[in-house]
Amino acid sequence: MKKILFFLTAGFILASCSNSGSKPQSGDQGEPNEIVITNDLENAMGVIPSWHNERTVIAMKEPPAHSGKYACITNDTMEYSYSFSELFKNLNKGLPKMAVVSGWIYTTVASPKQGIVLDIKDNNDLYEWKVYPLDDVLKVPGKWVEFNASFYFSKPLKPEQKVSIFFWNQSKKPIYVDDFKISFIY
């Protein structure tokens, strides 16, 4: 019995020292080199920190959502989508070099004026604002299309700045978005 206890204890100590379950590492800081945030919109009506503008999330009938039951709509009365907003210091100890936004989008008209906005605020003052146009991705109406947008941070960032990511519909025609994925690369 003592031998079994000894081997179990030794195995536990060795397993505790192993790094097989650790997060991806970046440099010498030991911080993750990527933070991934996903939202399929199925729980958007619940209180989810960092996500805002829930009124744009609707139960879909026609067209059906890309996945699940819910998607975000932008149109003539809701120009801005469901959005992600958070302080850099709440994401990670380091500061990202870039953000990649992906997901699925459905348009009711060809080539609408639609883009993904990334803005950074410093004490509620606009520090940086970028838009990634999606007009070229949305050539064919009536089907879900995958999109990817990369934003490189060109200005030095500070941990107390707030980053926000959302869709901006300038065409005023119905456009739906589903299955968000935001990756901050360090």
Side-chain angles (χ1 to χ4, degrees), residues 19 21-27 29-60 65-74 78-107 114-124 126-134 137-138 144-169 175-186:
N19 69 355
S22 64
K23 296 178 182 176
Q25 300 297 309
S26 169
Q29 300 107 353
E31 293 297 318
N33 62 6
E34 180 177 18
I35 301 291
V36 178
I37 299 153
T38 59
N39 192 327
D40 64 4
L41 305 176
E42 296 308 300
N43 297 311
M45 297 309 170
V47 178
I48 302 175
S50 306
W51 291 90
H52 311 281
N53 204 10
E54 290 85 2
R55 69 185 179 95
T56 63
V57 178
I58 61 171
M60 300 291 290
H66 177 258
S67 72
K69 217 174 129 175
Y70 295 90
C72 170
I73 184 172
T74 57
M78 294 182 282
E79 188 175 350
Y80 303 105
S81 73
Y82 189 53
S83 64
F84 175 81
S85 225
E86 189 58 78
L87 299 175
F88 284 119
K89 69 181 179 183
N90 292 342
L91 296 172
N92 190 16
K93 289 180 184 174
L95 293 168
K97 294 180 176 115
M98 70 181 289
V100 178
V101 182
S102 60
W104 292 84
I105 193 162
Y106 181 106
T107 181
Q114 167 86 357
I116 303 169
V117 175
L118 181 140
D119 79 24
I120 300 170
K121 293 202 172 125
D122 196 349
N123 291 322
N124 288 328
L126 189 60
Y127 179 73
E128 188 165 16
W129 186 89
K130 297 179 177 202
V131 65
Y132 187 98
L134 291 172
V137 174
L138 303 172
W144 285 100
V145 178
E146 191 171 16
F147 67 86
N148 288 290
S150 297
F151 297 94
Y152 292 89
F153 298 113
S154 55
K155 293 178 156 185
L157 301 175
K158 295 186 264 182
E160 52 281 336
Q161 291 174 322
K162 181 184 276 190
V163 61
S164 296
I165 298 170
F166 55 91
F167 293 83
W168 181 24
N169 181 348
I175 298 173
Y176 305 94
V177 187
D178 201 359
D179 299 322
F180 298 128
K181 179 179 175 186
I182 303 168
S183 302
F184 290 99
I185 313 297
Y186 293 83

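Treat the numbers as computed from the prediction; the structure is a model and nothing was measured.
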Residues Asn43 and Ile48: closest non-hydrogen pair is O-CD1, 3.0 Å
Could you check whether any side-chain heavy atom of Pro96 comes within less than 4.5 Å of a side-chain heavy atom of Ile185, counting everything from C-beta outward?
no
Min side-chain heavy-atom separation Thr107-Gln114 under 4.5 Å
no
I need the minimum non-hydrogen distance between Ala71 and Trp144, along with the two atoms involved.
CB-CH2, 4.2 Å
To check you understand the geometry: which heavy-atom pair defines the closest contact between Gly94 and Tyr186, and what is its length?
O-CE2, 3.4 Å
Distance, nearest 0.5 Å, that separates NZ of Lys97 from CG of Asn33
9.0 Å
Interatomic distance, CD@Gln161 vs CG@Leu95, rounded to 0.5 Å, equals 8.0 Å
Trace of the side chain to side chain contact (heavy atoms under 4.5 Å, CB included) decision for Phe184 with Ile37:
CA-CA 8 Å; Phe184 290 99; Ile37 299 153; 3.8 Å; yes
If you apply the rule side chain to side chain contact (heavy atoms under 4.5 Å, CB included), what do you find for Ile116 with Phe151, and how did you get there?
CA-CA 10 Å; Ile116 303 169; Phe151 297 94; 4.0 Å; yes
Atom pairs and distances, donor-acceptor, side-chain atoms in residues 79-88, under 3.5 Å, two or more places apart:
| residue | atom | partner | partner atom | Å |
| --- | --- | --- | --- | --- |
| Glu79 | OE1 | Lys172 | NZ | 3.4 |
| Glu79 | OE2 | Trp168 | NE1 | 2.6 |
| Ser81 | OG | Phe167 | N | 2.8 |
| Ser85 | OG | Ser164 | OG | 2.4 |
| Glu86 | OE1 | Ser50 | OG | 2.4 |
| Glu86 | OE2 | Asn90 | ND2 | 2.7 |

Minimum heavy-atom separation for Cys72 to Leu41, with atom names?
N-CD1, 3.4 Å
Side-chain touch Asn53/Arg55, heavy atoms, less than 4.5 angstrom:
yes
To the nearest 0.5 Å, what is the distance between OG1 on Thr74 and CD1 on Ile105?
7.0 Å
Interatomic distance, OH@Tyr127 vs CD1@Ile120, rounded to 0.5 Å, equals 7.5 Å
For residues 175-183, please give each side-chain donor-acceptor pair under 3.5 Å, one per line with the distance, not counting sequence neighbours.
| residue | atom | partner | partner atom | Å |
| --- | --- | --- | --- | --- |
| Asp178 | OD2 | His66 | N | 3.0 |
| Asp178 | OD2 | Ser67 | N | 3.1 |
| Asp179 | OD1 | Ser67 | OG | 2.7 |
| Asp179 | OD2 | His66 | ND1 | 2.6 |
| Asp179 | OD2 | Ser67 | OG | 2.9 |
| Ser183 | OG | Glu34 | OE2 | 3.4 |

Inter-residue atom distance Lys162.NZ - Lys121.NZ, 0.5 Å rounding
8.0 Å
What distance separates Glu128 CD from Asp122 CG, expressed to the nearest 0.5 Å?
11.5 Å
Work out which heavy atom in Glu42 is nearest to a heavy atom in Gly68; give both atom names and the distance.
OE2-CA, 3.5 Å
